[in-house]
Amino acid sequence: MTVVIMATIIAFIVIGVVMSRQTRQRKDAAIEDLKREKKEVGHVDIFALVTAEVDELDLRSIPGAEELQPEVLLKVWKDNTNVIDQCDDRANLRFVHAPTVDPQKASSDDITLVCDGRLKESPPPANNADEDSPG
C-alpha cells in the first residue's frame, strides 16, 4: 500500500515538473517572439515623424517659420488649408505671430498663416437656370 502511495506522489511530482517546464518553455518562446516583433516594428518617435513631415512639406522655407517649433508649424499648416488653397503662389505665404509672442514658445493659437499675394479667383457659381431652359 505504501508503495502505491509513494508511486502516486512521485507521479504527481513528475507530472508537475513536466507541466511546469512546458509552461516555462511556452512563456520563454512568447517572450522571444515579442522581442523579435518589437525589433521588426522598431520604436516610433512622434517628434521625428512631425519633423519629417515639416521637412517634406518644406515649411521652413516659408517666411516666419524659422524659429517656430515643428509641431506648431505642422498644426498651423493643416489648420489653414483654405489659405493655402486660395493663395495664388506659395511664395506669398508667411507665418505671422504677435510681436509680444516669443516664436520659440508660441502655440498654434498664437500663429497665423497669411497670403500676401492675390487670392485665386473662385469660379462663378453654375447657373442651373440656363441648363434647364430650352434652347
Side-chain angles (χ1 to χ4, degrees):
M1 181 74 162
T2 48
V3 174
V4 173
I5 292 175
M6 291 299 281
T8 306
I9 291 173
I10 292 173
F12 277 121
I13 291 173
V14 169
I15 291 172
V17 169
V18 168
M19 289 180 71
S20 173
R21 284 187 181 170
Q22 287 178 345
T23 302
R24 182 69 189 157
Q25 287 173 346
R26 277 190 241 127
K27 193 182 289 185
D28 288 344
I31 289 171
E32 288 302 315
D33 281 347
L34 183 61
K35 286 179 183 177
R36 181 183 47 75
E37 286 178 14
K38 197 172 183 180
K39 284 180 183 177
E40 287 175 6
V41 170
H43 179 70
V44 177
D45 181 10
I46 190 72
F47 187 73
L49 290 173
V50 169
T51 303
E53 189 164 355
V54 166
D55 292 344
E56 184 179 312
L57 293 169
D58 196 25
L59 298 183
R60 291 279 177 210
S61 68
I62 298 174
E66 301 82 18
E67 297 181 52
L68 298 175
Q69 297 297 320
E71 62 274 10
V72 173
L73 281 174
L74 192 58
K75 175 95 169 79
V76 171
W77 180 260
K78 296 212 180 243
D79 288 348
N80 289 281
T81 55
N82 58 335
V83 174
I84 298 162
D85 292 341
Q86 291 178 354
C87 195
D88 66 336
D89 188 359
R90 180 184 166 112
N92 293 325
L93 293 172
R94 67 183 168 95
F95 291 99
V96 179
H97 61 84
T100 57
V101 175
D102 179 5
Q104 294 180 345
K105 296 179 182 175
S107 73
S108 60
D109 295 333
D110 301 323
I111 308 299
T112 307
L113 184 65
V114 296
C115 177
D116 290 331
R118 294 182 313 145
L119 297 179
K120 291 179 184 175
E121 303 260 338
S122 54
N127 189 352
N128 292 337
D130 291 343
E131 293 175 6
D132 293 337
S133 63

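One is the number of the first residue; the rest follow in order along the sequence. Worth knowing before you read on, the calculation uses all heavy atoms, side chains too, and leaves out hydrogens, waters and symmetry mates.
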Common cluster, L57/V54, ILVMFWY with side-chain heavy-atom separation under 4.5 Å: yes

Do F47 and L68 sit in one hydrophobic cluster, given that two such residues count as connected whenever their side-chain heavy atoms are within less than 4.5 Å of each other, even indirectly? no

For E66 and R60, work out which heavy atoms get closest and say how close. O-NH1, 3.4 Å

Between I13 and I5, is there shared hydrophobic-cluster membership here, with clusters defined by ILVMFWY side-chain heavy atoms closer than 4.5 Å? yes

I'd like to check the side chain to side chain donor-acceptor pair (under 3.5 Å) partners of D79; sequence neighbours left out, ordered by chain and number. K75

Less than 4.5 Å apart, any side-chain heavy atom of K27 and any of R24? yes

Nearest 0.5 Å please: distance from the CZ atom of R36 over to the CG atom of D33. 5.0 Å

Rounded to the nearest 0.5 angstrom, the CG-SG distance for D88 and C115 is 5.5 Å

Atom OG of S107 and atom CD of E71: how far apart are they, to the nearest 0.5 Å? 10.5 Å

Shortest non-hydrogen separation from P63 to L93 and the atoms involved: CD-O, 3.4 Å

Atom CD of Q86 and atom CG of N80: how far apart are they, to the nearest 0.5 Å? 11.0 Å

Co-membership, hydrophobic cluster, residues I84 and I111, 4.5 Å side-chain: yes

Listed by chain and number, what are the side chain to side chain donor-acceptor pair (under 3.5 Å) partners of R21, not counting sequence neighbours? none

Taking the side chain as C-beta and beyond, is there a heavy-atom pair between M6 and V3 under 4.5 Å? no

Measure across D58 and S61 and return the closest heavy-atom pair with its distance rounded to 0.1 Å. O-OG, 2.7 Å

Quick check: closest heavy atoms across Q104 and Q69, and the distance to 0.1 Å? O-NE2, 3.4 Å

Distance from R94 atom CZ to T112 atom OG1, nearest 0.5 Å? 10.0 Å

Considering only heavy atoms from C-beta outward, does the side chain of R90 approach that of I62 to under 4.5 Å? yes

Taken to the nearest 0.5 Å, the spacing of L59 CG from E53 CD works out to 8.0 Å

Under a 4.5 Å cut-off applied to non-hydrogen side-chain atoms, are I46 and L49 in contact? yes

Can V101 be reached from V96 by stepping across I, L, V, M, F, W or Y side chains whose heavy atoms are under 4.5 Å apart? no

For V72 and A106, work out which heavy atoms get closest and say how close. CG2-O, 3.2 Å

